Amino acid sequence: MSGSSYLAAAEIQSVGTPGLWGITIVGVLALLVLDFLVTRRPHEVSLREALGWSAFYIALPLAFGVWVWSRYGSKQGIDYLTGYLVEKSLSVDNLFVFMLLLAAFAVPAVLAQRVLLYGIAGALVLRAVFIALGAAALQTLDFAFLLFAAILIVTAIKLLRDALSGHQQEVDINKMRSVRLLRRFMPVTDDYHGTRMTIREHGRRTLTPLALVVVAVLATDVVFAVDSVPAVYGITEDPYLVFATNAFALLGLRALYFVLHAALSRLVHLTYGLAVILAFIGVKLALHWAHGIWKGVPEIPTLASLGVIIAVLVVVTITSLRATRTTVGGEREVVAERR
């Protein structure tokens, strides 16, 4: 049996027992229900409230990482923490797109939380589907790691090209296929009606703008799922840890959005950093695939990956803040510069 066949045929090792999977899924659903209860009455989020929830959603995954480390060993602990950092970095870019969508659809501030929550719930479902497909691919396809590597490298090239051309992260709602499709089949009201997505107007069921923005957010979730799942599989092959990193990275986005709302527009070099990280993980996956065939091919240790990812994020954060320090008082100028 060749090395690549061995990689594909080998049983994927996972710390996720049926009981642990069950507890984790119930916990994630409980946290989602809690978030929906918190947002059941639309209101503008204060900085104090956002900071409190952000602290909770940062402490929770870190505590979970400590438990994984103590229960399963340092390798699994490092894999989890590195994967979580990658997913959190990608989720910040996801937040920036959400910010542009909320602005493009003129979503009232009191409804922003609910839109974000729909986006997070949709992202969790899509990530779960892609994680299952990824695990199946790793077990059945000899070239799965090479395929994942290609996806990440192509995505990195696209991000870099868009960043260099100055057209990254643009949102034109009139060109979005999902929005045009909805408008073709159903009328849309001009005004928001609270958290309602449909109303009866002139005797006919009509969509509200909230329905359009939710569909647009869910459509962007698909794109981010294609990027993020192969990225974290480049850190660990354990489907349970992949799911846990995705779930924890996504659950805190609602609160993090309101904490970072102003700062997000200042991270003008984030796209460059994400391109470097995705390309690096793509190379790591390609080397891992090649190592299964030719043992002399070196692999990149996860601990080294963690160091590279942290270094890249620190560099792009510093350079972004330096590049925008003269426009802190003008948020529109900063957003325009990032576009």
Side-chain angles (χ1 to χ4, degrees), residues 3-4 7-8 10 12 78-94 97 123 126-127 129-165 168-169 220-239 241-243 245-246 249 269-316:
S4 59
L7 283 172
I12 293 178
I78 294 174
D79 285 352
Y80 166 78
L81 292 173
T82 306
Y84 174 72
L85 183 59
V86 169
E87 290 305 306
K88 202 65 177 176
S89 304
L90 293 171
S91 69
V92 171
D93 202 43
N94 202 338
V97 174
L126 286 169
R127 302 288 173 89
V129 172
F130 277 80
I131 288 167
L133 292 175
L138 291 178
Q139 287 184 304
T140 57
L141 299 177
D142 292 351
F143 54 88
F145 285 109
L146 197 59
L147 176 63
F148 288 175
I151 291 173
L152 294 179
I153 292 173
V154 168
T155 302
I157 293 172
K158 181 182 182 302
L159 284 176
L160 185 59
R161 186 175 63 243
D162 291 344
L164 292 173
S165 65
Q168 77 273 23
Q169 308 289 28
T220 63
D221 284 338
V222 177
V223 178
F224 282 103
V226 172
D227 300 339
S228 65
V229 173
V232 74
Y233 267 122
I235 304 300
T236 174
E237 300 168 36
D238 187 332
L241 293 181
V242 171
F243 176 78
T245 56
N246 273 269
H269 296 159
L270 178 62
T271 304
Y272 295 98
L274 293 179
V276 171
I277 290 172
L278 291 179
F280 172 78
I281 298 175
V283 172
K284 182 178 186 296
L285 277 170
L287 290 175
H288 179 67
W289 172 81
H291 181 79
I293 304 175
W294 304 288
K295 294 302 180 183
V297 176
E299 291 191 277
I300 301 176
T302 303
L303 190 58
S305 301
L306 178 60
V308 169
I309 292 165
I310 291 175
V312 170
L313 293 176
V314 169
V315 168
V316 297

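In what follows, residues are counted from 1 in the order of the sequence shown. This structure is a prediction, so every number in the text was calculated from the model and none was measured.
Note that CG of Leu126 is 9.5 Å distant from OG of Ser228, once rounded to the nearest 0.5 Å. Note that the CG atom of Leu285 and the CD atom of Glu299 stand 10.5 Å from one another [nearest 0.5 Å]. Atom OG of residue Ser89 and atom CD1 of residue Ile310 lie 9.5 Å apart, to the nearest 0.5 angstrom. In this structure, OG1 in Thr245 is found 7.5 Å from CG in Leu241, a value given to the nearest 0.5 Å. Taken from CH2 in Trp289 to CH2 in Trp294, the straight-line distance is 5.0 Å, to the nearest 0.5 Å. For the atom pair CD1 of Ile281 and CD1 of Ile235, the computed distance is 4.5 Å after rounding to the nearest 0.5 Å.
Each of Leu313, Leu90, Val308, Val316 was compared with Ile277 under the side chain to side chain contact (heavy atoms under 4.5 Å, CB included) criterion, and only Leu313 meets it.
Nearest approach of Ala137 to Ala144, heavy atoms of both residues: O-CB, 3.4 Å. In terms of heavy-atom proximity, Ala135 sits nearest to Tyr233 at N-OH, 3.3 Å. Contact record, Phe243 with Ile131: CA-CD1, 3.5 Å, taken as the closest heavy-atom pair. Contact detail for Thr271 and Leu159: the closest heavy-atom pair is CG2-O, 3.6 Å. Of all heavy-atom pairs spanning Ser91 and Ala249, the tightest one is OG-O, 4.0 Å. Closest non-hydrogen pair, Lys284 versus Gly234, comes out as NZ-O, 2.9 Å.
When side chains are defined from C-beta on, Phe280 counts as touching Ile300, because their heavy atoms get closer than 4.5 Å. Counting only heavy atoms from C-beta outward, the side chains of Tyr80 and Asp238 never approach each other to under 4.5 Å. Taking 4.5 Å as the limit, some side-chain heavy atom of Thr82 sits within range of a side-chain heavy atom of Ile309. Side chains of Val283 and Leu287 form a contact here, defined as non-hydrogen atoms less than 4.5 Å apart.
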Show which side-chain atoms of residues 149-158 pair as donor or acceptor with protein atoms under 3.5 Å away, not counting sequence neighbours.
residue	atom	partner	partner atom	Å
Thr155	OG1	Ile151	O	2.7
Thr155	OG1	Asp227	OD1	3.2
Lys158	NZ	Asp162	OD2	2.9

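Among residues two or more places apart in sequence or in another chain, the salt bridge (Lys or Arg N to Asp or Glu O under 4.0 Å) test is passed with Asp79 by Lys75. The ring-ring contact (aromatic ring centres under 6.0 Å, His included) test applied to Tyr84 returns no partner, not counting sequence neighbours.
No side-chain donor-acceptor contact under 3.5 Å links His291 to the backbone of Pro298.
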